[in-house]
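Read through the structure below, which is laid out as structure tokens, and then see the notes.
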Amino acid sequence: QVQLAESGGGLVQAGGSLRLSCVVSGRILEINTKAWYHQAPGKQRELVASITSGGSRIYADSVKGRFTISENNAKNTLYLQMNSLQPEDTAVYYCKGTSSNGMDHWGKGTLVTVSS
């Protein structure tokens, strides 16, 4: 079993910053890719950024240059630094861990609201 728990969401004004955290516990050695997704009201869940165990990163075009995904393996924690936030970034943000067997594990999400 793998558990993921997000934190760090909240209300911020446009142009502001937030850092999301996701603590991974359980069978963490099975996880080879971690990612952040977001889901805005009425929309599908979308990939924001991902990082592999080798350190390769992918970002959605909408967040390139503004968001940074990183991890602290000693703390088993995944981060998403979000700068220059815009109202369209408002969403529930989820972290996901993918095991080597292809199984996805999701956290419960944290809400980010950006006011204009």
Side-chain angles (χ1 to χ4, degrees):
Q1 280 282 40
V2 176
Q3 295 82 38
L4 301 99
E6 305 94 337
S7 62
L11 174 64
V12 63
Q13 288 188 333
S17 298
L18 282 175
R19 188 177 80 158
L20 305 183
S21 300
C22 174
V23 177
V24 185
S25 60
R27 301 170 70 94
I28 57 176
L29 293 180
E30 297 181 356
I31 301 298
N32 56 17
T33 301
K34 304 181 188 73
W36 288 98
Y37 282 71
H38 67 195
Q39 186 167 18
K43 295 188 177 181
Q44 290 188 330
R45 195 172 297 188
E46 298 178 332
L47 176 69
V48 175
S50 67
I51 184 168
T52 67
S53 56
S56 296
R57 294 168 170 83
I58 294 175
Y59 293 95
D61 287 343
S62 60
V63 306
K64 284 180 181 176
R66 300 189 299 125
F67 291 10
T68 303
I69 189 171
S70 63
E71 59 183 341
N72 184 325
N73 289 326
K75 295 184 178 181
N76 297 324
T77 302
L78 179 72
Y79 301 103
L80 185 69
Q81 178 66 42
M82 306 186 295
N83 299 328
S84 301
L85 282 161
Q86 300 301 314
E88 52 266 34
D89 296 317
T90 294
V92 178
Y93 284 72
Y94 299 89
C95 66
K96 184 184 82 169
T98 302
S99 300
S100 55
N101 64 3
M103 182 173 292
D104 290 332
H105 310 272
W106 292 91
K108 294 183 178 181
T110 185
L111 177 63
V112 171
T113 303
V114 184
S115 63
S116 56

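We count residues from 1, following the sequence as given. Everything numeric in this text was worked out from a predicted model, so none of it was measured.
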Between the main-chain N or O of [Y] and the side-chain N or O of [X], is there a donor-acceptor pair closer than 3.5 Å?
X     : Y     : answer
Gln86 : Ser84 : yes
Gln39 : Ala91 : no
Tyr94 : Glu6  : no

Which residue in the set Leu80, Leu78, Thr77, Thr110 passes side-chain contact (heavy atoms from CB on, under 4.5 Å) when paired with Cys95?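 That would be Leu78.
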
Trp106 vs Tyr37 aromatic rings, parallel, tilted or perpendicular, using cut-offs 30° and 60°?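 Rings of Trp106 and Tyr37: perpendicular, over 60°.
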
Quick one: salt bridge (Lys or Arg N to Asp or Glu O under 4.0 Å) partners of Arg27, sequence neighbours excluded?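 Scan of Arg27 (salt bridge (Lys or Arg N to Asp or Glu O under 4.0 Å), adjacent residues dropped) gives Glu30.
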
Specify the closest pair of heavy atoms between Tyr93 and His38, including all atoms of both residues, with the distance to one decimal.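 Of all heavy-atom pairs spanning Tyr93 and His38, the closest is OH-ND1, 3.3 Å.
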
Hey, what do you get for [atom1] ([X]) to [atom2] ([Y]), rounding to the nearest 0.5 Å?
X     : Y     : atom1 : atom2 : result
Leu29 : Ser53 : CG    : OG    : 11.0 Å
Ser70 : Lys34 : OG    : NZ    : 11.0 Å
Ile51 : Ile69 : CD1   : CD1   : 5.5 Å
Leu85 : Thr90 : CG    : OG1   : 8.5 Å

Following the transitive rule for hydrophobic clusters with a side-chain heavy-atom cut-off under 4.5 Å over Ile, Leu, Val, Met, Phe, Trp and Tyr, establish whether Met82 and Trp36 coincide in one cluster.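 Yes, because Met82 and Trp36 connect within a single hydrophobic cluster, where side-chain heavy atoms sit under 4.5 Å apart.
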
Passing candidate, side-chain hydrogen bond (donor to acceptor under 3.5 Å, both in side chains) with Thr98, options Asp104, Thr52, Asn32, Thr33: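 Answer to the side-chain hydrogen bond (donor to acceptor under 3.5 Å, both in side chains) test with Thr98 among Asp104, Thr52, Asn32, Thr33: Asp104.
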
Mind checking whether Val24 and Glu71 have side chains closer than 4.5 Å, heavy atoms only?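 Side chain of Val24 against side chain of Glu71, heavy atoms only: no contact under 4.5 Å found.
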
Candidate pair His105 and Ile31, rule side chain to side chain contact (heavy atoms under 4.5 Å, CB included), full reasoning: CA-CA 9 Å; His105 310 272; Ile31 301 298; 3.8 Å; yes

Per-pair distances, 0.1 Å, donor-acceptor, side chain in residues 7-23, under 3.5 Å, sequence neighbours excluded:
unit_1 : atom_1 : unit_2 : atom_2 : d
Ser17  : OG     : Asn83  : OD1    : 2.9

